[in-house]
Protein chains: 2
Amino acid sequence: MLPLMPVTMMDIAKDLKVSVVTVSKVLRNQGRISDATRKRVLSHAKKLNYQMNWVARSLVTRRTYTIGLLLPEFAHPFFAEIARAVANSVRPHGYHVVIASFEEDPDLEASEVDSLLARQVDGLIIASAQASRHVEMFKRVAARKIPYVLIDRPISGLRACFVGADNRAIGRMATAHLIARGCRCIAHLRGPQVGIAAERLEGYRGALRNAGLRYDSRYVVDAGHTDATGYEGMRKLLHLKPLPDGVFCYNDPVAISAMRAIREAGLQLPRDIAVVGAGNVHYNDALSVPLTSVDQGTCKIGTLAAELLLARVSSDRGLRPKRILIPPKLVERESTRR
Amino acid sequence: MLPLMPVTMMDIAKDLKVSVVTVSKVLRNQGRISDATRKRVLSHAKKLNYQMNWVARSLVTRRTYTIGLLLPEFAHPFFAEIARAVANSVRPHGYHVVIASFEEDPDLEASEVDSLLARQVDGLIIASAQASRHVEMFKRVAARKIPYVLIDRPISGLRACFVGADNRAIGRMATAHLIARGCRCIAHLRGPQVGIAAERLEGYRGALRNAGLRYDSRYVVDAGHTDATGYEGMRKLLHLKPLPDGVFCYNDPVAISAMRAIREAGLQLPRDIAVVGAGNVHYNDALSVPLTSVDQGTCKIGTLAAELLLARVSSDRGLRPKRILIPPKLVERESTRR
DNA sequence: TCTTCAAGGGTTAACGATTAATCAAATGCA
DNA sequence: TGCATTTGATTAATCGTTAACCCTTGAAGA
């Protein structure tokens with residue numbers, strides 16, 4: 001017969017005619033308790049199927065063993081992967097993850113941060129939309145002494161922990177790879193974001209410069225970040241006079257639709273045009289022409305962010321902000337093999 | 001100057017020389033409070049940047065406004081989409097979501113359920129691995145009067161709420177569509193799971209029967225659920241004497257790798273063999289031959305599960321279990337257009 | 001014999017809110 | 001004026017655990 005109300009320490013204590021504190025001590029393995037009572041308590045707790053009430057414990061210890069994970073959206077494979085990595089990294093330490101997404105809405109982001117703080121999370125991991133007023137918001141978080149780690153999108157003007165991809169390196173690596181495969185006229189389908197896309201573009205320009213190739217702005221086209229706009233972007237590139245022989249695409253979805261545009265134009269892939277994406281999504285292998293892509297170490301971002309955060313959570317003295325850039329890794333497939 | 005310790009109702013009360021209860025009442029908009037004090041409290045709360053301590057409130061109200069979402073893994077786009085739908089559905093009601101994944105490990109699943117209960121979640125949404133001992137586990141949950149909703153994978157022998165795809169209908173619809181497109185020898189790349197895959201197979205057989213076509217077990221091959229095994233499965237089918245002219249694939253990743261195998265065999269798609277997948281993942285449009293797929297209404301599963309759960313959470317009388325099957329929808333693309 | 005100390009517990013008071021019961025002052029009505 | 005009623009706020013109890021201290025008892029050492 002299981003009771004309707006959850007079993008409390010009080011119930012165990014009453015049955016065993018000991019004090020609640022004794023039960024608490026046994027369950028925490030703390031304080032001096034004889035082996036006899038320890039065993040009695042333990043066995044009776046198991047018998048009653050006792051489950052700690054974490055709400056009550058948290059109230060007095062001021063630790064919820066909960067961290068907040070705030071993402072722009074988590075249907076996106078990139079963020080889903082991060083969520084997974086974070087959850088798996090903190091679980092062994094007894095932490096749980098409260099997720100929240102703000103659907104790219106900065107106001108919602110701010111309000112969710114407050115909600116998570118109200119729920120007394122021990123720490124926060126945030127992939128923030130970079131609105132200027134957010135600096136204030138983060139200062140509020142810091143004032144409450146709640147450690148937080150930014151991921152993916154850094155925020156300028158904020159001395160905070162950050163873990164993200166090395167976007168310059170990604171651009172450099174992708175472009176250098178095309179050059180190494182013999183491309184001499186390399187286009188770039190860039191993304192819309194200010195920060196990340198700009199850095200990848202910089203990497204692209206850097207690689208061109210290093211190879212002594214000329215940068216021509218006509219070969220850089222904004223591709224949005226949806227499949228449709230990537231397709232359109234590629235079609236624009238196909239109108240250019242010296243046809244590009246290589247394209248570095250801001251991300252994999254764009255690269256995939258770019259490849260479609262290339263094929264439809266009657267061109268051979270990768271012979272006529274080689275394509276590199278970024279993100280290394282898991283279905284790249286299954287494409288008709290498997291896509292070479294720069295892996296941005298998504299899983300590592302989640303794992304490192306979690307570890308960084310837990311370190312701050314358990315240390316009571318404020319460690320100084322740490323910035324980690326994950327070095328990218330090129331995964332070569334058919335789309336550049338020539 | 002923001003204080004280091006979080007502001008409590010006590011702080012507000014002291015400053016204003018009123019009782020904590022008065023503050024509490026104002027903040028909850030409950031009880032009789034004069035307009036004058038109400039305004040004083042409200043403005044001072046805002047000035048001190050007061051944030052409700054939900055842990056303390058939860059302890060006394062026995063409501064955490066938190067639900068647990070337990071998934072096999074959430075990097076998978078299907079589950080990621082569900083997580084998103086759930087979180088977005090419960091947010092307007094003031095709920096947050098604690099996610100946990102058990103990485104397809106039944107033991108971990110059971111222990112996570114207990115952890116979530118210990119954290120006093122108000123309800124649970126679970127896509128369970130169907131181990132037999134889990135029936136006991138769910139009885140424990142029910143004994144604690146915590147409402148829960150199963151999704152995606154029903155558990156036999158359990159009178160519980162369930163929301164999932166109508167797998168029989170999926171199989172029937174996909175197969176019927178191939179028949180309507182003129183296929184007469186239809187193969188099936190089936191999945192490994194007992195429940196879901198078996199139902200889709202049943203639907204497949206049902207559609208054949210309805211059309212007066214013969215069922216031949218040689219044309220049903222297990223495809224695992226990874227891309228690699230799907231590829232192998234299709235190659236087996238290509239060895240059969242009357243070559244199949246249509247394939248219903250258990251899910252989209254399998255379908256994609258099957259298409260690759262077909263192309264590599266020098267066959268035309270969809271002229272020689274038409275392919276239908278299931279799941280309707282978002283990149284289907286970007287493939288070289290866009291994939292016809294049966295949409296299983298993933299988003300709806302999450303939304304309905306959330307609504308169902310919240311209804312049980314707020315009603316104190318035990319509503320009786322409800323089972324919802326989402327009717328599938330066929331999304332036709334090139335892979336069957338002939 | 002007296003002190004000291006450790007072992008094995010128990011007591012009391014938080015933690016930050018809510019709920020129920022209570023109370024004083026102001027108001028209504030005859 | 002006098003009594004009942006409403007209004008507005010207070011006090012006490014509680015939620016389930018933990019932190020900090022205090023109290024026995026028995027044995028060892030002086």
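Just so we're clear, the structure is a prediction, and the values are computed from it rather than from any experiment.
When every heavy atom of A:A165 is checked against every heavy atom of A:I301, the shortest pair comes out as N-CD1, 3.8 Å. Minimum interatomic distance between A:F79 and A:A127 (heavy atoms only, all atoms of both residues): CE2-CB, 3.8 Å.
Applying the 3.5 Å distance criterion, the base of C:dT19 shares no donor-acceptor pair with the side chain of B:K25.
When the nucleotides C:dT12, C:dT18, D:dT17 are ranked by their closest atom to the side chain of A:M52, D:dT17 comes out on top. Considering only the side chain of A:S34, C:dG8 comes nearest among C:dG8, C:dT12, C:dT18. Side-chain proximity of B:V60 to the nucleotides C:dG9, D:dG8, C:dA17 is greatest for C:dA17. Of the candidate nucleotides D:dT18, C:dA17, D:dT17, D:dT18 has the atom nearest to the side chain of A:R28. In this structure, of C:dT18, C:dG8, D:dT11, it is D:dT11 that holds the atom nearest to the side chain of B:S19.
Looking only at distances, no side-chain donor or acceptor of B:R84 sits under 3.5 Å from a matching main-chain atom of A:H76.
For D:dT18, neither phosphate oxygen OP1 nor OP2 lies less than 4.0 angstrom from any side-chain nitrogen or oxygen of A:R62. Contact check, B:Y50 against C:dG16: no side-chain N or O comes under 4.0 Å of OP1 or OP2.
Between B:Y95 and B:Y65, the two ring planes are tilted [angle within 30° to 60°].
Note on A:V55: nothing from the nucleic acid sits closer than 4.0 angstrom, heavy atoms only. Counting non-hydrogen atoms under 4.0 angstrom, B:T37 reaches the backbone sugars and phosphates but no base. Contacts of B:T61 with the nucleic acid, taken as non-hydrogen atoms under 4.0 Å apart, involve only primed sugar atoms and P, OP1 or OP2. Backbone-only contact: B:T8 has heavy atoms under 4.0 Å from sugar-phosphate atoms and none from a base. Residue A:R57 is classed as a sugar-phosphate contact, given heavy-atom separations below 4.0 Å to backbone atoms only.
Between the CG atom of B:N29 and the P atom of D:dG8 there is a distance of 14 Å, rounded to whole Å. Here D:dA9 presents its P atom at 20 Å from NZ of B:K14, a figure rounded to the nearest Å. B:L27 has its CG atom 15 Å from the P atom of D:dA9, to the nearest Å. In this entry the distance linking CD1 of A:I12 with P of D:dG16 reads 13 Å, nearest Å. Atom CG in A:N53 sits about 12 Å away from atom P in D:dC15, given to the nearest Å. Atom-to-atom, CG of B:L59 to P of D:dC15 comes out at 9 Å; the value is rounded to the nearest Å. Between A:Q30 atom CD and C:dA7 atom C1' there is a gap of 16 Å when expressed in whole angstrom units. In this structure, the CZ atom of B:R32 is 19 Å from the P atom of C:dA25, given to the nearest Å.
Electrostatic pairing of A:E104 and A:R153 counts as a salt bridge here, judged by a charged N lying under 4.0 Å from a carboxylate O.
Partner of B:R40 under the side chain to side chain contact (heavy atoms under 4.5 Å, CB included) criterion, chosen from B:T22, B:V23, B:L16: B:L16.
Comparing A:V21 and B:D35 against DNA chain D, the residue whose closest nucleotide sits nearer the 5' end is B:D35. Across the interface with DNA chain D, nearest-nucleotide mapping of B:K17 and A:V23 shows B:K17 to be the residue nearer the 5′ end.
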